[in-house]
Amino acid sequence: MPRFTDLPCEMVVAVFRKLDRVQDLLACTLTCCHFYNSYKAYKSLSIEILVNQAGTLLPFAVAAEAVVRSPSPYTRALAAKMLQKLQYNPDKVIDRLRGYPMTALVRLEEVHERMESFINFVLPRVCDSLLQSGRLPGMDSLSLFAMEKSNFCRAFYRLELYVRLLGGDGTRMDRQNHMFFFGTTPRDIAVLDCVVHYLVETIDPGWLHNTFLCDFFGH
């Protein structure tokens, strides 16, 4: 009877594509040389899994991880370049991943999963607050959660980047805001307003000094 390790690389990779997490792919590649060599022949597979997992939020996760992990503060020019890529060329942000080892991609996956876990805790409470205010007639908490989850994840990432990139560079506030909010839709700004209100009023008035990823990265 043929063994799984006798399958051609293409079939092994086809099975790997069904995995939900890069962490699971890493475990598979460590199982035997055949699995590892199959992965090496299709190195973009780990990025495909991340894209399937995080979708349009992946560029924000990549940017946030890169900023937090940077050995030195971003200059104003580098910050502007990063924000412009997120706004107009998010695929170029994802292109950074091509040089990442799989262990770094696992770390990035953990960032996204932590964000999702946080949003799953926070967003129902924000939705309840919005519904109680009467500003969203005809909506219920579950449908609002499903509709806004991606928007709120993106808003928390934006806040993290705002604090990291622009929080202490000495630039005038109006210039900072122009650089950060240029191209942002009114809906995105409204979601950001809800996020800031929740952080300040519910969690910690000093949230600027304890941003979402700060604790995760041990900073």
Side-chain angles (χ1 to χ4, degrees), residues 1-72 74 78 81-121 123 145-147 149-158 160-161 164 212-219:
M1 180 178 294
R3 297 172 300 177
F4 190 60
T5 51
D6 295 328
L7 294 174
C9 290
E10 293 81 4
M11 294 191 68
V12 173
V13 170
V15 174
F16 285 170
R17 279 201 169 93
K18 300 298 182 180
L19 297 173
D20 295 324
R21 303 175 70 238
V22 181
Q23 178 71 59
D24 297 333
L25 177 62
L26 177 60
C28 288
T29 60
L30 297 176
T31 302
C32 67
C33 290
H34 183 56
F35 288 177
Y36 178 70
N37 291 331
S38 297
Y39 165 72
K40 283 187 67 177
Y42 296 86
K43 278 192 172 182
S44 63
L45 178 60
S46 52
I47 300 176
E48 290 178 31
I49 292 174
L50 266 178
V51 170
N52 290 336
Q53 185 181 19
T56 58
L57 294 173
L58 183 56
F60 289 91
V62 174
E65 191 267 351
V67 170
V68 172
R69 283 297 185 186
S70 175
S72 58
Y74 270 53
L78 286 175
K81 188 176 180 180
M82 173 71 80
L83 294 171
Q84 286 171 1
K85 281 185 179 179
L86 277 175
Q87 184 68 34
Y88 301 111
N89 301 107
D91 288 343
K92 288 187 177 181
V93 179
I94 296 178
D95 284 343
R96 296 172 62 106
L97 301 179
R98 299 191 185 280
Y100 278 37
M102 200 193 303
T103 50
L105 296 178
V106 169
R107 180 75 173 180
L108 182 59
E109 180 179 67
E110 290 172 351
V111 170
H112 176 69
E113 289 176 345
R114 185 177 173 92
M115 173 64 83
E116 278 210 319
S117 177
F118 185 61
I119 288 296
N120 287 336
F121 171 77
L123 188 52
F145 177 89
M147 184 173 64
K149 181 177 178 179
S150 179
N151 292 331
F152 272 81
C153 280
R154 187 163 53 249
F156 273 98
Y157 276 129
R158 283 182 179 276
E160 183 71 31
L161 289 168
R164 296 285 182 178
F212 165 71
L213 294 177
C214 182
D215 178 64
F216 181 76
F217 285 104
H219 286 218

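- For the pair Asp20/Gln53, no side-chain contact is recorded, criterion being any heavy-atom separation below 4.5 Å from C-beta on.
- Put simply, CG on Leu57 and CD on Glu116 are 7.5 Å apart, with the number rounded to the nearest 0.5 Å.
- Ile49 and Leu19 make their closest contact through CG2-O, 4.0 Å (heavy atoms, listed as atom of the first residue, atom of the second, distance).
- Between Glu65 and Arg107 no salt bridge is recorded (no basic side-chain N to carboxylate O distance below 4.0 Å).
- Closest non-hydrogen pair, Ala66 versus Met82, comes out as CB-CE, 4.5 Å.
- To the nearest 0.5 Å, atom CD1 of residue Ile119 and atom SG of residue Cys153 are 4.5 Å apart.
- Under the salt bridge (charged side-chain N to carboxylate O under 4.0 Å, His left out) criterion, Arg96 pairs with no residue, sequence neighbours left out.
- Taking 4.5 Å as the limit, some side-chain heavy atom of Leu108 sits within range of a side-chain heavy atom of Leu97.
- Under the 4.5 Å side-chain criterion, counting only non-hydrogen atoms from C-beta, Leu58 is not in contact with His112.
- Residues Asp95 and Arg98 are paired through a salt bridge, judged by an N-O separation under 4.0 Å between the basic side chain and the carboxylate.
- Taking each heavy atom of Val13 and Ser38 in turn, the nearest pair found is CG2-O, 3.5 Å.
- The CD atom of Glu10 sits 10.5 Å away from the CG atom of Leu7 when rounded to the nearest 0.5 Å.
- Here the shortest heavy-atom pairing between Val93 and Pro59 reads CG1-O, 3.4 Å.
- Looking at Cys28 and Tyr39, their side chains never come closer than 4.5 Å, going by heavy atoms from C-beta outward.
- Ring pair Phe16/Phe35 is perpendicular by interplanar angle, where above 60° counts as perpendicular and below 30° as parallel.
- Taking all atoms of both residues into account, the shortest heavy-atom contact from Leu105 to Ser46 is CD1-OG, 3.1 Å.
- Rounding to the nearest 0.5 angstrom, the gap separating the CG atom in Asp24 from the CD atom in Glu109 is 7.5 Å.
- The line from NZ of Lys149 to CZ of Arg154 is 13.5 Å long, rounded to the nearest 0.5 Å.
- Expressed to the nearest 0.5 Å, how far CD1 of Ile94 lies from CG of Asn89 amounts to 11.5 Å.
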